[in-house]
Amino acid sequence: LFLFLVIRDSSYLYYVVAVSFAILYQATTLGLGQELFWFSWPQLANPSFSFFLFGALGGGVLLAIRMTEVKRYGPLLYRPMQYIMILRRVCTPLSFVLPYGPLIRLVALLGVIACVMALIAPIIALRQGFKPARYFLAGWAVFYVGVILWASNKVGWIPVTPLTDNAQYLGFGLNVV
């Protein structure tokens, strides 16, 4: 956040949003959200999962669009990424009124699609000579693969194992390092 305030580059703001929502989601899955933030309102536990996931999805997609200059280097990916953002904007506030199960499956599906696009975008940009995309790919590839494994596990596409169940934590930890 400090870098954004000093440099005024929106990439840093998108990074802070994505990481903040990812941390809040992980805190919620570990029970810390219930313990620290809404201990008097246990009915907020399930909606907060999808709310924070939609927030992390939005920040991550915006970061991928900005850091890999998708509009310039991968215009075919730009429109689907915009559609994900529109759907996310609609679904985020609905986290508190719609049933938990369908929303989690939707955000997992959107997460897989967005992560695949966010992995393809820097490769396309690199092939077209955009060198900064290599840093984005190096920093975020492990996280995106972790999210893809975790979401695929939650939707039932791959079996539940300790690796697939904790892939998002591993990917996030390696991303921050």
Side-chain angles (χ1 to χ4, degrees), residues 13-34 37-38 41-68 70-71 74-122 124 136 140-173 175:
L13 179 62
Y14 300 149
Y15 175 79
V16 168
V17 168
V19 169
S20 297
F21 274 107
I23 288 171
L24 287 169
Y25 168 74
Q26 290 181 359
T28 302
T29 61
L30 297 172
L32 296 174
Q34 179 76 25
F37 301 121
W38 47 85
W41 299 292
Q43 65 273 19
L44 289 180
N46 280 345
S48 65
F49 288 129
S50 56
F51 179 81
F52 292 140
L53 277 174
F54 278 120
L57 175 69
V61 169
L62 286 172
L63 181 67
I65 288 171
R66 176 75 169 96
M67 293 295 291
T68 62
V70 171
K71 195 171 186 178
L76 292 177
L77 291 175
Y78 184 70
R79 181 138 347 252
M81 290 174 115
Q82 290 295 319
Y83 290 142
I84 287 175
M85 289 303 296
I86 291 167
L87 189 56
R88 183 208 61 87
R89 282 187 199 115
V90 169
C91 292
T92 301
L94 295 177
S95 296
F96 296 98
V97 293
L98 292 180
Y100 171 77
L103 277 177
I104 287 297
R105 285 189 289 282
L106 176 64
V107 76
L109 176 64
L110 290 176
V112 168
I113 294 168
C115 286
V116 168
M117 286 191 288
L119 284 169
I120 292 170
I124 291 170
F136 178 82
W140 285 87
V142 174
F143 176 71
Y144 288 139
V145 169
V147 170
I148 290 168
L149 286 173
W150 171 83
S152 298
N153 162 4
K154 295 303 175 198
V155 175
W157 296 338
I158 60 175
V160 176
T161 67
L163 174 65
T164 60
D165 214 24
N166 296 299
Q168 64 161 343
Y169 300 119
L170 179 64
F172 186 70
N175 173 322

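We're numbering straight along the sequence, starting at 1.
Screening L63, I65, V19 for a side-chain contact (heavy atoms from CB on, under 4.5 Å) involving Y14 leaves a single residue, L63.
Closest approach of P80 to L76, counting heavy atoms only: CD-O, 3.1 Å. Closest of all the heavy-atom pairs between G60 and A18 is N-CB, 3.6 Å. Here the closest heavy-atom approach between residue W157 and residue L109 is recorded as CH2-CD1, 3.6 Å. Summarising the geometry of A141 relative to L119, their closest heavy-atom pair is CA-CD2, 3.7 Å, with the distance given to 0.1 Å. Closest heavy-atom contact between C115 and Y144: SG-CD2, 3.4 Å. For the pair L57 and G111, the tightest heavy-atom approach, listed with the atom from each and the gap, is CD1-CA, 4.0 Å.
Interatomic distance, F49 CZ to S95 OG, rounded to the nearest 0.5 Å: 12.0 Å. With rounding to the nearest 0.5 Å, the separation of CG in L62 from CE in M81 is 9.0 Å. Atom CG of residue L110 and atom OH of residue Y83 lie 14.5 Å apart, to the nearest 0.5 angstrom. From D165, atom CG reaches atom CG of L170 across 12.5 Å, with rounding to the nearest 0.5 Å. The structure places CD1 of I120 at 11.5 Å from OG1 of T68, a figure rounded to the nearest 0.5 Å. Distance CG/L24 to CG/L53: 11.0 Å, rounded to 0.5 Å.
Here the side chains of V155 and V112 are not in contact, with every heavy-atom distance at 4.5 Å or above. Side-chain contact between F54 and L103 is present, with heavy atoms from C-beta onward closer than 4.5 Å. Looking only at side-chain heavy atoms (C-beta outward), R88 and V61 stay at 4.5 Å or farther from each other.
Classified by interplanar angle (parallel below 30°, tilted 30° to 60°, perpendicular above 60°), the ring pair F96/F51 is tilted. Classified by interplanar angle (parallel below 30°, tilted 30° to 60°, perpendicular above 60°), the ring pair W140/F136 is parallel.
A donor-acceptor pair is defined here as one N or O able to donate and one able to accept, closer than 3.5 Å; no such pair exists between the side chain of S152 and the backbone of L149. With hydrogens and angles ignored, the 3.5 Å screen pairs no side-chain donor or acceptor of T92 with any backbone N or O of R89. Under the 3.5 Å distance criterion, the side-chain polar atoms of S20 are left unmatched by any main-chain donor or acceptor of V17. In this structure, N153 contributes its side chain and T164 its backbone to a donor-acceptor pair below 3.5 Å.
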### Candidate pair I84 and M117, rule side-chain contact (heavy atoms from CB on, under 4.5 Å), full reasoning
CA-CA 11 Å; I84 287 175; M117 286 191 288; 3.1 Å; yes
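Here the two rings, on W150 and Y25, have centers that are under 6.0 Å apart.
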